[in-house]
Student: 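Okay, here's the structure, questions in a sec.
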Amino acid sequence: MSHRICAAALIPSGFALEQFHRTDTGLEIVVRPTGKTSICPECGSSTSRVHSRYRRRLGDLPLAGRPVSVVLIARRFRCSTIPCQRRIFTERFEDGAVLPWARRTARLDLLVYHLGLALGGRPAARFAHRLMTPVSNDTLLRAVRRRGRPGFTPPHVIGIDDWAWRRNHRYGTIICDLELRQPIRLLPDREPATAQAWFMDQPQIAVVARDRGGAYALAAARALPDAAQVADRWHLMENASRAFLEAIRGSMRPIRAAIGATVINPALLSAAERLQYEGYVRREETATTIRRRRASGA
DNA sequence: TAAACGCGTTGGAGGAGGCG
DNA sequence: CGCCTCCTCCAACGCGTTTA
C-alpha cells in the first residue's frame with residue numbers, strides 16, 4: 001500500500017496507477033490514461049470510440065537510485081468524422097507528458113536533452129548511466145538536434161572575435177549579442193569577407209565591439225558604415241595596461257630618485273622576502289651573463 | 001577522444017479482419 | 001459496436017566503424 005501511495009504521487013497527471021513493482025532491472029509502473037476521449041490528430045475532432053488497447057514501455061526518471069520504466073496501457077481510437085482520412089489513431093496526451101513515437105516520458109526526455117546540451121554525446125552518456133538513465137551518445141545528440149536551434153533575435157549590439165577550431169591550425173569567428181550576453185553565430189573562418197557577408201544581413205546592428213586587428217574593422221566599416229565601432233573590454237584593458245607599463249618603464253630613473261634608492265640587507269628580510277630577493281639576484285646574474293656572452297659574439 | 005555515419009533491431013502507429 | 005489479434009510500415013534507438 002505504501003508503494004502505491006508513493007508511486008501515485010510520482011506518475012504524470014492524466015494517468016492512473018495500475019501496478020507498481022520491482023523487477024530485476026529496476027522499478028516498473030503500470031499506468032492507464034484517465035481521459036474518456038481523445039482528439040484525432042488529423043481532423044481535430046473528439047471521439048470516445050476505442051479501437052483497441054496495447055502496452056507501451058517508456059523510460060522515466062529514476063527513483064531511489066533505480067531505473068524506472070512506465071508501462072502505459074495505451075488506447076487506439078476510431079475517428080468517425082466522415083471527411084477525415086484517418087480512421088484509427090493512437091491517443092494523444094494533451095499536456096505532452098508522452099509524445100507520439102516516444103520511448104521516454106517528456107520529463108526524462110528533457111533531462112536527456114539538457115545532459116546532451118551541457119556535456120555532449122559520450123560524456124553525457126557516461127553520466128546518464130551513473131544517473132540510472134542509460135541512453136546512448138547518439139540518442140543524446142539526437143535529443144539536442146530534435147529541439148533545434150533557439151530562436152534568432154536580430155541583434156543591435158554585438159561583439160566579434162576569432163576563436164580556434166583547432167589551435168594554430170584553423171580559426172573561426174564568434175559573434176555574441178552583447179545585450180542578451182549570448183553567442184549567436186559561429187562563422188567557419190576569420191576572413192573579413194565572411195564577416196562582411198554576415199554583417200550585410202544584419203543592417204539593424206548599431207554597435208560593433210571588436211579586437212584591435214583591422215580585419216573585422218574593415219568588414220564592419222564596409223557593411224555597416226553607420227554602426228559605431230568600439231574596442232571590446234578585454235582589448236581596452238590590454239591597451240591601457242600596455243600604455244601604463246610603457247610609461248612606467250620609461251620613467252623608472254626619476255621614480256627611483258624620487259622615492260630614494262635603498263640598499264637591501266638580506267639579513268633583515270623575512271624568510272619569504274629573502275626567497276624572493278634571492279630569486280631576483282639569480283635572474284639578474286643570468287641576464288648579465290647572457291648580455292655579456294651576446295656582446296662577445298656568442 | 002568525440003562526433004558522424006551506416007545499418008540492423010526494436011517497438012510504436014495505423015489498418016484489416018474477426019469474434020462476441 | 002466494442003475490442004481483440006495480427007500484419008506492415010517506419011521512427012527511434014544502439015552498436016560498430018570511420019572521420020576529424
Side-chain angles (χ1 to χ4, degrees), chain A residues 12 14-15 18 23-26 28-62 67-94 96-149 163-172 186-190:
Chain A
F15 297 92
E18 288 285 304
T23 65
D24 293 340
T25 54
E28 192 174 274
I29 302 173
V30 183
V31 300
R32 60 177 168 75
T34 52
K36 300 290 182 197
T37 61
S38 188
I39 305 292
C40 172
E42 197 77 24
C43 67
S45 60
S46 177
T47 177
S48 60
R49 295 182 58 201
V50 176
H51 167 273
S52 59
R53 290 181 172 80
Y54 69 102
R55 293 187 164 221
R56 283 176 68 179
R57 181 173 290 274
L58 302 148
D60 198 12
L61 295 173
V68 173
S69 55
V70 172
V71 177
L72 169 59
I73 302 173
R75 294 171 294 185
R76 281 192 276 252
F77 285 85
R78 290 185 190 279
C79 181
S80 44
T81 307
I82 299 299
C84 185
Q85 301 271 319
R86 184 70 65 83
R87 302 172 65 184
I88 296 155
F89 65 90
T90 298
E91 71 181 303
R92 267 54 173 173
F93 302 101
E94 285 179 31
V98 178
L99 295 174
W101 297 97
R103 299 197 186 182
R104 290 181 293 274
T105 57
R107 58 192 183 186
L108 177 58
D109 196 60
L110 187 65
L111 176 72
V112 168
Y113 163 72
H114 281 295
L115 278 176
L117 195 62
L119 301 176
R122 285 196 188 183
R126 286 195 293 269
F127 193 50
H129 275 78
R130 298 182 71 173
L131 291 177
M132 299 296 159
T133 53
V135 284
S136 73
N137 52 333
D138 289 289
T139 298
L140 283 147
L141 294 178
R142 273 190 283 250
V144 172
R145 288 195 199 98
R146 198 157 42 220
R147 290 177 187 245
R149 295 183 190 175
W163 67 285
W165 291 93
R166 192 177 163 202
R167 211 167 182 182
N168 298 324
H169 285 79
R170 186 178 158 218
Y171 288 85
L186 295 178
L187 304 181
D189 54 47
R190 54 179 176 182

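Chain letters run A, B, ... following the sequence lines, proteins first, then strands; residues in each count from 1.
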Student: Any side-chain N or O of S136(A) below 4.0 angstrom from OP1/OP2 of dG14(C)?
Tutor: yes

Student: Could you give the CZ-to-C1' distance, from R76(A) to dG14(B), as a whole number of Å?
Tutor: 7 Å

Student: Would you mind reading off the distance between R75(A) atom CZ and dG2(C) atom P, rounded to a whole angstrom?
Tutor: 13 Å

Student: Hey, which sits more toward the 5' end of DNA chain C by its nearest nucleotide, D109(A) or R78(A)?
Tutor: R78(A)

Student: Would the base of dG2(C) count as contacting R53(A) through its side chain, where contact means a donor and an acceptor less than 3.5 Å apart?
Tutor: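 No such pair is found, so the answer is no.
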
Student: Remember a base hit wins even if backbone is also touched, and classify T90(A) as base, sugar-phosphate or nothing at under 4.0 Å, heavy atoms.
Tutor: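 Answer is sugar-phosphate: T90(A) comes under 4.0 Å of backbone atoms only.
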
Student: For residues R104(A) and D60(A), determine if any side-chain heavy atom of one lies less than 4.5 Å from a side-chain heavy atom of the other.
Tutor: no

Student: Name the orientation class of the two ring planes belonging to F15(A) and F93(A) (parallel below 30°, tilted from 30 to 60°, perpendicular beyond 60°).
Tutor: tilted

Student: Expressed as a whole number of angstroms, how long is the span from R104(A):CZ to dA12(C):P?
Tutor: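 The distance from CZ of R104(A) to P of dA12(C) comes to 10 Å, rounded to the nearest Å.
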
Student: Check whether any side-chain nitrogen or oxygen of R49(A) sits under 4.0 Å from OP1 or OP2 of dG2(C), and answer yes or no.
Tutor: yes

Student: Nearest whole angstrom, please: distance from the P of dA16(B) to the CZ of R86(A).
Tutor: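 One finds 12 Å between P of dA16(B) and CZ of R86(A), rounded.
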
Student: Contact class for R122(A) (heavy atom, under 4.0 Å): base, sugar-phosphate, or nothing?
Tutor: base

Student: Is there a donor and acceptor pair, one atom on the side chain of R56(A) and one on the base of dG12(B), closer than 3.5 Å?
Tutor: no

Student: When the distance from NE2 of H51(A) to P of dC3(C) is rounded to whole Å, what number comes out?
Tutor: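 Spelled out: NE2 on H51(A) to P on dC3(C) is 11 Å.
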
Student: Quick one: closest heavy-atom pair of A102(A) and L58(A), and the distance?
Tutor: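 Smallest heavy-atom distance, with atoms named: O-CD2, 3.3 Å.
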
Student: Roughly, in whole Å, what's the span from CZ in R126(A) to C1' in dA3(B)?
Tutor: 13 Å

Student: Write down the distance between CH2 (W101(A)) and P (dG11(B)), rounded to a whole number of angstrom.
Tutor: 14 Å

Student: Using every non-hydrogen atom in the two residues, find where L117(A) and V144(A) come nearest and quote the distance to one decimal.
Tutor: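 The pair with the smallest heavy-atom distance is N-CG2, 3.5 Å.
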
Student: Got a sec: does the CZ of R56(A) have more than 12 other heavy atoms crowding it under 6.0 Å?
Tutor: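 Buried by this count: over 12 neighbours within 6.0 Å.
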
Student: To the nearest Å, how far apart are R145(A) CZ and dA12(C) C1'?
Tutor: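 Going from CZ in R145(A) over to C1' in dA12(C) covers 14 Å.
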
Student: If you find the nucleotide of DNA chain B closest to R142(A) and the one closest to L119(A), which residue's nucleotide is nearer the 5' end?
Tutor: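 Residue closer to the 5' terminus by nearest nucleotide: L119(A).
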
